[in-house]
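Below, chain A is the first sequence line, B the second, and so on; all start at residue 1. If you're wondering where the values come from, they're calculated on a predicted model, not measured in any experiment.
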2 protein chains.
Amino acid sequence: MASRSMTQAAFFVLTALADQPRHGYGILREVEELSDGAVQLRVGTLYGVLDRLTADGLIVLDREEVHEGRLRRYYRLTPEGMQALGTEAERMAAGASAAKERIAAGRRAPGAVAKPSAGPGFAGGVA
Amino acid sequence: MASRSMTQAAFFVLTALADQPRHGYGILREVEELSDGAVQLRVGTLYGVLDRLTADGLIVLDREEVHEGRLRRYYRLTPEGMQALGTEAERMAAGASAAKERIAAGRRAPGAVAKPSAGPGFAGGVA
DNA sequence: CGCTATATATCGGAAGCCGAGATATCATGG
DNA sequence: CCATGATATCTCGGCTTCCGATATATAGCG
């Protein structure tokens, strides 16, 4: 079952493959680039994720190429993978929105952060 | 070190605590509610996350109450926790956006999904 | 009295992450 | 000619994290 939420690593692999088929090493670079360096997918993580996504039917081996003597194994999204990515993107966007709203609300009416509970005066705290 | 990206579970716990202090069981219900049932934080996961977040200084024990004979242990965000949540929310929003853009781009110009590569006829295969 | 809801917490197996290393080609630099 | 680094694959083992199951306890419903 792929209805359960996926891991962060799986999400970014699917995102990297969403526009075009890519090979392992290319996915690594693409994830780093599309997240502006914020997300660093590790080599040791990649192949496990690739195997799991394949087993779940979200990606498939597209083709194998030899580029300058080096083997490249390209993967691509399946329709299920595309749909799963959409669902997860929706879920993440909603989560991010909820968090941002609450942070903004907390700035307007402090109390969630700052001192233990009741305590007049001094509204500082978050820089 | 809390500079590394946090787990999904940790993110939703922080989000649940962003507007007001809550106790464990309340966090469980709040996460389910704010995600519209899409995210189900498990009891077995919760206390480990709470311990880790406390150790990382992102949350602290706010107070303990006894409500109808039952103990309630309330946690609240620290300024660091609030900031970490903001950073992670930003990262998630960016990731979700990137995924959505690629999905939309793929719909305009198919090829990422569908058949292996060049190859007319027969588009079946994956159900 | 059993069931459900509320509320805490622990344990252990399973799943996932990731540093490190193995293997191989090609280009660059010394 | 060899070292180094980038490209490219993959495996292994330890650590972290997840989560189902279990334990304990109170209150309310049927």
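Among the heavy atoms of the strands lying under 4.0 Å from B:Thr7 are primed sugar atoms or P, OP1, OP2 only; no base atom is included.
For the pair B:Leu41 CG and D:dT17 P, the computed distance is 15 Å after rounding to whole Å. With rounding to whole Å, A:Glu32 atom CD is found 11 Å from D:dT7 atom P. Between the P atom of C:dG16 and the CZ atom of A:Phe12 lies a distance of 18 Å, rounded to the nearest Å. A straight line from CG of A:Leu61 to P of D:dT9 spans 11 Å, rounded to a whole angstrom. Note: CD1 (A:Ile27) to C1' (D:dT9) measures 13 Å, nearest angstrom. Spacing between atom CE of B:Met6 and atom P of C:dC17 amounts to 17 Å, rounded to whole angstrom units.
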Distance-only check: which donor-acceptor pairs under 3.5 Å involve side-chain atoms of residues 7-18 of chain B, not counting sequence neighbours?
| residue | atom | partner | partner atom | Å |
| --- | --- | --- | --- | --- |
| B:Thr7 | OG1 | B:Ala10 | N | 3.3 |
| B:Thr15 | OG1 | B:Phe11 | O | 2.9 |

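Contact annotation: B:Arg70 side-chain N/O to C:dA5 OP1/OP2 distance is not under 4.0 Å. A:Arg42 has a side-chain polar atom (N or O) that falls below the 4.0 Å cut-off from OP1 or OP2 of C:dG19. In terms of phosphate contacts, A:Arg52 brings no side-chain nitrogen or oxygen within less than 4.0 Å of OP1 or OP2 of C:dA15. Distances shorter than 4.0 Å separate none of the side-chain N or O atoms of A:Arg22 from OP1 or OP2 on D:dA8. Taking side-chain N and O atoms only, B:Thr45 has no distance below 4.0 Å to OP1 or OP2 of D:dC18.
If you chain together hydrophobic residues whose side chains sit under 4.5 Å apart, B:Val60 and B:Met6 never meet in one group. A:Leu28 is not connected to A:Leu71 by any chain of hydrophobic side-chain contacts under 4.5 Å among Ile, Leu, Val, Met, Phe, Trp and Tyr, and they are in different clusters. By the rule that hydrophobic residues join a cluster once side-chain heavy atoms approach within less than 4.5 Å of another member, A:Val43 and A:Tyr74 end up as members of separate clusters. By the rule that hydrophobic residues join a cluster once side-chain heavy atoms approach within less than 4.5 Å of another member, B:Leu53 and B:Ile27 end up as members of one cluster.
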Polar atom pairs between nucleotides 8-14 of chain C and protein, under 3.5 Å, N or O only, would you list them?
| residue | atom | partner | partner atom | Å |
| --- | --- | --- | --- | --- |
| C:dT8 | OP1 | B:Gly24 | N | 3.3 |
| C:dT8 | OP1 | B:Arg73 | N | 3.3 |
| C:dT8 | OP2 | B:Tyr25 | N | 2.6 |
| C:dT8 | OP2 | B:Tyr47 | OH | 3.4 |
| C:dT8 | O3' | B:Arg73 | NH1 | 3.4 |
| C:dA9 | OP1 | B:Arg73 | NH1 | 2.0 |

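A residue-by-residue look at B:Glu68 and A:His67 shows that A:His67 has its nearest nucleotide of DNA chain D further toward the 5' end.
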- Is there a salt bridge (charged side-chain N to carboxylate O under 4.0 Å, His left out) between A:Arg102 and B:Glu30 once you walk through the steps? CA-CA 13 Å; A:Arg102 278 154 187 253; B:Glu30 181 63 16; 2.4 Å; yes
- How far apart are the C-alpha atoms of A:Glu32 and A:Arg29, what are their side-chain angles, what is the distance that settles it, and do they pass the salt bridge (charged side-chain N to carboxylate O under 4.0 Å, His left out) test? CA-CA 5 Å; A:Glu32 188 161 359; A:Arg29 280 186 282 113; over 6 Å; no
